[in-house]
Amino acid sequence: MSERRAAITSLGRYVPERVMTNADLERLVETSDEWIRSRTGIERRHVVEPGTPTSELAVRAAREALERRGVAPSELDLIVVGTVTPDMIFPSTACLIQDKLKATKAWGFDVSAACSGFLYALTLGAQFIQTGAHKKVLVIGADVMTSILDYRDRATCVLFGDGAGAVLLEPSTDETGILDFMNEVDGAGGCHLYMPAGGSARPASHETVDQRLHYIRQEGQHVFKYAVRKMAEAPKQLLERHGLTPADLDLFVAHQANTRIIDAAAERLGLPEAKVVKNIHEYGNTTAGTVPLALATALDQKRLKRRDLVMLASVGAGFTVGAMLVRWSGVDWS
Ligand SMILES: CC(C)(COP(=O)(O)OP(=O)(O)OC[C@H]1O[C@@H](n2cnc3c(N)ncnc32)[C@H](O)[C@@H]1OP(=O)(O)O)[C@@H](O)C(=O)NCCC(=O)NCCS
């Protein structure tokens, strides 16, 4: 990779105030707080008021990231948004965010990679810094998962929440920054986690609505097994490229889909709990939001220091796999 690294120089987050607890879900579907906690680690999740679009959460996270760094929206060159719950199919959510922020000179686009959306967006954003094409790139992971959840399907509706995180990428001035990435796709896994209708294959119709096809469908166990394997394999391979081992990592920041997935991956990597970030109990799975929200949690807990070696990792619908090795540059978190 080129010597001009991209560095994460600021971070912002937004989750809606409204909370849905496991007890609230017990009133909607046949489930129990005990089942949800023991199978997923989730205790509550933050959810929007119905009708709140993804761009609204994204803009709040973006404003926080920009304000922390004292950067005006008008200074941005590019906005990349990872999301599977865009406000609408087009224009892209990046365009809507560009307008709301008044990021007058920025161009932008959305990235559809589900739970790997943030890492794919970050990979893309970093390229424009590394080539020297851009100086300030805003990368956002944001999803309103409650807009595509079927509250009659207990196997999926308990898992997800709404949230957004944003980071600012700028050229690194020292040895810190994004060191390397490794992304993969296994398209054969598409049938295990998807939303059947609303695209060109099955446009919205009375029939698709009647059949509840505009919601997430998931074969949980299949996704679970794939996620555990890849969440450990991808980081290991990425480390090997650099002659490193998991023991060299200071922090493992993984996509938050299920505590058991994170624990199993950490165990395969031989990482102690002290090096693993978890906030799924509070937010559930916010899809593209989880990795930046987990970085924010690590900063809250003062577990992320300048020059720390950090592994970001995700597995999502597609299947999509993401891993990124970062020498943390430090952000103002006062
Ligand atoms: C969804 C998930 C938590 C289910 O856990 P699991 O241990 O695999 O559970 P199963 O799907 O085998 O279901 C076990 C039983 O619990 C039941 N069950 C499913 N959801 C339930 C709920 N919310 N409450 C109570 N029971 C539930 C099932 O019906 C099944 O009952 P049965 O044995 O009578 O058929 C787990 O598979 C998972 O986390 N998968 C990955 C999800 C994911 O990460 N998705 C996002 C993309 S990364």
Side-chain angles (χ1 to χ4, degrees), residues 20-45 82-85 111-120 141 143-163 183-195 215-235 252-267 278-281 283-294 312-323:
M20 188 181 268
T21 63
N22 292 347
D24 293 330
L25 284 160
E26 282 175 358
R27 287 188 277 277
L28 293 175
V29 286
E30 200 184 323
T31 190
S32 67
D33 175 49
E34 200 282 325
W35 192 96
I36 301 171
R37 272 178 206 253
S38 62
R39 298 289 182 117
T40 72
I42 301 167
E43 293 169 21
R44 40 199 241 147
R45 67 286 292 142
T83 187
V84 281
T85 51
V111 175
S112 175
C115 297
S116 297
F118 178 76
L119 282 189
Y120 280 27
D143 271 300
V144 174
M145 295 308 290
T146 53
S147 67
I148 55 168
L149 285 182
D150 185 350
Y151 283 101
R152 288 192 202 165
D153 177 11
R154 67 178 183 175
T156 53
C157 74
V158 303
L159 303 175
F160 296 89
D162 303 329
N183 297 327
E184 278 178 33
V185 161
D186 178 359
C191 54
H192 301 298
L193 179 51
Y194 66 116
M195 192 171 106
Y215 296 122
I216 291 178
R217 294 275 173 95
Q218 174 170 250
E219 249 180 74
Q221 277 201 20
H222 198 97
V223 178
F224 187 94
K225 285 179 195 151
Y226 185 83
V228 167
R229 181 160 65 82
K230 284 293 175 182
M231 200 82 97
E233 248 176 46
F252 181 55
V253 183
H255 169 57
Q256 311 278 308
N258 187 318
T259 291
R260 292 186 295 137
I261 295 175
I262 303 169
D263 289 344
E267 196 186 315
K278 279 196 266 180
N279 61 12
I280 187 167
H281 58 281
Y283 302 127
N285 181 351
T286 56
T287 303
T290 60
V291 171
L293 288 176
L312 311 179
S314 64
V315 174
F319 292 124
T320 53
V321 180

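Order of listing sets the numbers, starting from 1, for every ligand and every atom in it. Numbers here are sequence positions counted from 1.
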Quiz prompt | Distance-only donor-acceptor check, side chains Thr146 and Asp162, under 3.5 Å | solution = yes
Practice problem: Working to the nearest 0.5 Å, report the span between OG1 of Thr21 and CZ of Arg45. | Solution: 7.5 Å
Quiz prompt | Leu312 CG to Phe118 CZ distance, which is reported to the nearest 0.5 Å | solution = 7.5 Å
Quiz item: Do Asp143 and Thr286 have a side chain donor and acceptor closer than 3.5 Å?
Solution: no
Quiz prompt | Residue contacts for ligand 1, heavy atom to ligand atom, distance under 4.0 Å | solution = Glu30, Thr31, Trp35, Arg39, Thr40, Cys115, Arg154, Ala155, Val158, Leu159, Leu193, Gln218, Gly220, Gln221, Val223, Phe224, His255, Ala257, Asn258, Arg260, Ile261, Asn285, Val315
Identify all side-chain donor-acceptor contacts of residues 218-225 below 3.5 Å with residues at least two apart in sequence or on another chain.
residue	atom	partner	partner atom	Å
Glu219	OE1	His192	ND1	3.4
Glu219	OE2	His192	ND1	3.2
His222	NE2	His192	NE2	3.2

Self-check item: Where Ser116 and Gly322 come nearest, the two heavy atoms and their spacing
Solution: OG-N, 3.9 Å
